[in-house]
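The analysis underlying the following values was restricted to heavy atoms, covering all of them including side chains, and did not include hydrogens, waters or symmetry mates. Every chain is numbered from 1 and lettered A, B, ... according to where its sequence line falls, protein lines coming before strand lines. Here the structure is a predicted model, which is why all the values come from computation and not from measurement.
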Amino acid sequence: MSDVKHALRTAFAAATKHLGIDPGEIPVQEVPAGKPGDYGTPLAFALAKALRKNPAEIAASIVAAFEPPEGVLRAEAVGPYINVFLDPGAFVAGIAAGAPDAEPRDRKVIVEHTSVNPNKEAHVGHLRNIVLGDAVARILRADGYQVEVQNYIDDTGRQAAESLFAAQYFAQTPPGEDASEKLDHWYGRLYVQLGEAKETDAEAIETGVRDTMHRLEAGELRREVERIVHAQLETFWSLGAEYDLLVWESDVVDSGFLARGLEVLEASPYVSKPTDGKYQGALVMDVAEFIPGLEESTVVLVRSDGNAVYVAKDIGYHYWKVGIFEGLAYAPFADQPTGSTLWTSHPAGEAHPVGQTFAHGQEIVNVIDVRQSHPQTLVRAALALSGTPEGQEASRNTKHLAYEVVTLEGQAMSGRKGVTLAIDHVLEEATRRAAAVVAEKNPDLEDAETVARQVGLGAMRFAMLKSEAKRIIDFRWDQALNLQGDSAPYVQYAHARAASILRAAGEAGVDATAADWATLGPLELTVAQQIARLPEVRAQAARELAPHLIAQYALDLATAWNAYYNHRGEDGKPDTPVLRAEPGLREARLALVAAVKRTLADALALLGIDAPEAM
RNA sequence: GCGCCCGUAGCUCAGUCGGAUAGAGCAGCCGCCUCCUAAGCGGCAGGUCACAGGUUCGAAUCCUGUCGGGCGCACCA
């Protein structure tokens, strides 16, 4: 909510007082193009019933009592709507001064994302998870939260075991650091081959995989899994994602989180160990009160053979995340591209390196695909059943950001069958395509390689973020790597244009200090109104965990700016030059351009997309 | 069978928690660089907002039902 909108709410409320009725929350919105005024409210509709008068009459009487706040010229009743006219100069001057950062919240959010099985290269299905999680983390941080990002490593699962056993089965030696094929790709290939070999040698393979799972649980293969994780991290980093902590499933189990979580749950009246019937010998939880409408509300936590199911581990992990118990130890794992240290849970680590706990999240965001909705609900139910006040609170504050799958040219992807598209390949191709366009459009560009990477990666990230998470994305090369239209390059180009003007202004020695704001008009105002929206859009995106709102906003602002840039007067000639404008007007427009550039860059940054100075 | 999600232009999607003539991009057609980057801009054409009821001054948006599509519901992970 911009300051002006806020001031208008107050002013409308005051102007409504004489009617003797509480209008409640007053909506203030941008006036549609073609209607008189700049901001307006449909407030009169809401009052019409109680006052038993027609809305237009009410609007007129509110207008009569309206005292314009600073920067607002006057109000006018447009039928039942009450619209106000802004002073363009004052408004743009306010925008040029910049928007304040969000208030720090002193509230910690743990965002869990990526969590790719450590047995193969990441593909475009994972790409959506990584980019979505990374964008949400950035947005929450910008909205004032303290954010920590965790990446869960399922190192005791079947998939890791299959890949590691495949090397043994095919008597292959994993490549070293300097090999031409990345280690994660290498294992991914063998993983698929093992799947094929199962058709003829199922029993031997099953025995080998089981044996490997035991070795994984015993920690014997940790070093090799770490090498795979390092290889995967190269991909994640190249996308611009970084993490605070890796949490290994084996460490979660070794730290006793599974056992302690079950202990907590056993005290709950909803958890029992039936001595007869279908669930004899198992530990089960009744979730009927938490998930209404289930035919079968009994969930098994520990099988009658004594083995815990997967969700039980996840429950233990979440009890730790929200601070019901402690116990992980940590060690540094890697230095990340921007210089931050990535930590990992580790059996031989220390409890509180640099005073960090990595737990005690007051809000939990789990970026996991929609097919995991059921187990996620079980985790939330288990938090509520913990019998602790933290658990109750945590259950409410744990959010599952459920995103839909990515299909490949209409086909479901399958890591098992090798029907995938590796992120590394897509990024390479995206950069190649961007480089070709750069070479064509701007052959003299310095740092063409860097720009090509920024544009190619930007296009990829934007393609994953511009629609709602619940929308299925069908990955198609020409759409995902689109460099025009509704895309990151469109926004980046708008930014580069603004940068270009500011660069030329700097060379000409023009700066914004001599601005004559009174020379500005409705064209500048329209752009400035778009700029003013970012803080409220950002707040909404944070509230709803919806990066697509930022992407759509960035497109809107770029469109408004491009339209302004290309605007022509009635004579058909450009009428919005900046540097060629009269002194005073020139400086005022320049200040607007600076605000456009800054805001475009800010919006892109929330999506993890770089804004090149030239392209 | 039960639960969740989706159905808006030929295609891919927005649609400001119920408001003003339903907006973009791609595809099609027509224009715009003696002017700060044409990866751009302007225009034309294209929609019974799946369907039927209901609530409301007002519904793409809320409620109910129907149809169509996707996903989930194991002592799997």
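Note that OG of A:Ser487 and NZ of A:Lys466 are 7.5 Å apart. Values are rounded to the nearest 0.5 Å. Between the CD atom of A:Gln529 and the CG atom of A:Leu557 there is a distance of 12.5 Å, given to the nearest 0.5 Å.
Using atom P as the reference point in both B:rU37 and B:rG46, the two lie 38 Å apart (nearest Å). Straight-line distance between the P atoms of B:rC63 and B:rG70: roughly 24 Å, to the nearest whole Å. Taking the C1' atom of each, B:rU66 and B:rG28 are spaced 37 Å apart, rounded to whole Å. Straight-line distance between the C1' atoms of B:rC67 and B:rA27: roughly 30 Å, to the nearest whole Å. Using atom C1' as the reference point in both B:rC4 and B:rC44, the two lie 43 Å apart (nearest Å). Across the C1' atoms, B:rG1 and B:rC51 are found 24 Å apart, a figure rounded to whole Å. The gap from the P atom of B:rU21 to that of B:rC49 amounts to 16 Å, rounded to the nearest Å. Annotation: B:rG3 and B:rG47 have their P atoms spaced 37 Å apart (nearest Å).
A:Leu43 places its CG atom 15 Å from the C1' atom of B:rA20, with the value rounded to the nearest Å. For the pair A:Glu544 CD and B:rA14 C1', the interatomic distance rounds to 14 Å; values are reported in whole Å. Summarising the geometry, the separation between CG on A:Leu51 and C1' on B:rC57 is reported as 14 Å, rounded to the nearest angstrom. The distance between atom CG of A:Asp369 and atom C1' of B:rC5, rounded to the nearest whole Å, is 13 Å. Distance A:Tyr565 OH to B:rC41 P: 12 Å, rounded to the nearest Å. Between the CG atom of A:Asn54 and the P atom of B:rG58 there is a distance of 15 Å, given to the nearest Å. Between A:Leu465 atom CG and B:rC13 atom P the separation is 15 Å, expressed in whole Å. When rounded to the nearest whole Å, the span between CG of A:Asn442 and P of B:rU37 equals 10 Å.
A:Ile472 comes within 4.0 angstrom of the backbone, heavy atoms only, and of no base. Among the protein residues, A:Ala48 comes within range of no part of the nucleic acid, since none of its heavy atoms lies under 4.0 Å from any strand. Residue contacts shown for A:Ser297 are absent, as no nucleic acid heavy atom lies under 4.0 Å away. At a threshold of 4.0 angstrom between heavy atoms, the contacts of A:Asp314 with the nucleic acid are absent. Contact annotation for A:His567: no contact, since no heavy-atom pair falls under 4.0 Å across all strands. Counting non-hydrogen atoms under 4.0 angstrom, A:Ala614 reaches a base of the nucleic acid.
Of the side-chain N and O atoms in A:Arg476, none sit less than 4.0 angstrom from OP1 or OP2 of B:rC11. Close to B:rC5, at under 4.0 Å from its OP1 or OP2, lies no side-chain N or O of A:Lys470. The phosphate of B:rC41 has OP1 or OP2 within less than 4.0 Å of a side-chain N or O from A:Asn562.
Residue A:Phe45 and nucleotide B:rG19 are classified as a stacked aromatic pair, their ring centres being separated by less than 5.5 Å at an interplanar angle below 30°.
Both A:Val451 and A:Pro42 sit near RNA chain B, but only A:Pro42 has its closest nucleotide nearer the 5' end. Closest-nucleotide positions on RNA chain B for A:Ala494 and A:Glu404 were compared, and the one nearer the 5' end corresponds to A:Ala494.
Counting heavy atoms from C-beta on, the side chains of A:Val455 and A:Leu483 come closer than 4.5 Å.
Environment of CZ in A:Arg432: crowded, with over 12 heavy atoms of neighbouring residues, nucleotides or ligands closer than 6.0 Å. Residue-environment remark: CD (A:Glu409) exceeds the threshold of 12 foreign heavy atoms within 6.0 Å. Within a 6.0 Å radius of CD in A:Gln29, other residues, nucleotides and ligands contribute more than 12 heavy atoms. For A:Glu582, the CD atom is loosely surrounded, since the number of other residues' heavy atoms within 6.0 Å does not exceed 12.
A donor-acceptor distance shorter than 3.5 angstrom exists from the side chain of A:Thr576 to the backbone of A:Tyr564, with no hydrogens or angles considered. Not a single donor-acceptor pair under 3.5 Å links the side chain of A:Thr114 to the backbone N or O of A:Val116. Remark: side-chain polar atoms of A:His495 are paired, donor with acceptor, to backbone N or O of A:Pro612 under 3.5 angstrom. Under a 3.5 Å cut-off, the side chain of A:Arg589 and the backbone N or O of A:Ala515 do not form any donor-acceptor pair. Looking at A:Asn119, its side chain does come within 3.5 Å of a backbone N or O of A:Gln159 through a donor-acceptor pair. A:Thr156 contributes no side-chain N or O that, together with a main-chain N or O of A:Leu216, makes up a donor-acceptor pair within less than 3.5 Å.
Nearest to the side chain of A:Tyr81, among B:rG42, B:rA20, B:rA39, sits B:rA20. Closest approach to the A:Lys49 side chain among B:rC36, B:rG40, B:rC57 is made by B:rC57 (side chain taken as heavy atoms from C-beta onward). With B:rU37, B:rC41, B:rA14 as the candidates, the nucleotide lying closest to the side chain of A:Asn566 is B:rC41. For A:Arg471, the side-chain atoms get nearest to B:rC6 when compared with the rest of B:rG40, B:rC6, B:rG42. Distance from the side chain of A:Val31 is smallest to B:rA20 among B:rA14, B:rC11, B:rA20. Looking at the side chain of A:Val438, the nearest of the listed nucleotides B:rA39, B:rC57, B:rC36 is B:rA39. Taking every side-chain heavy atom of A:His548 into account, B:rA14 is the closest of B:rA14, B:rG19, B:rU37.
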Could you summarise the pairing of RNA chain B as dot-bracket text, marking Watson-Crick and G-U pairs under 3.5 Å with ( ) or [ ] inside the strand and | across strands? (((((((..((((.....[...)))).(((((.......))))).....(((((..]....))))))))))))....

Annotated protein contacts, base or backbone, on nucleotides 72-77 of chain B with a non-hydrogen cut-off under 4.0 Å, one of B, S, - each: SS-BSB

Expected string for nucleotides 21-35 of chain B under the B/S/- scheme (protein heavy atoms, under 4.0 Å, primed atoms plus P, OP1, OP2 as sugar-phosphate) is B--BSS-----S--B

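Between A:His123 and A:His126, the two ring planes are tilted [angle within 30° to 60°].
The cationic group of A:Arg128 does not satisfy the cation-pi geometry with A:Tyr403, failing either the under 6.0 Å distance to the six-membered ring centre or the 45° limit from the ring axis.
B:rC33 adopts a syn glycosidic conformation, its chi angle falling within 90° of 0.
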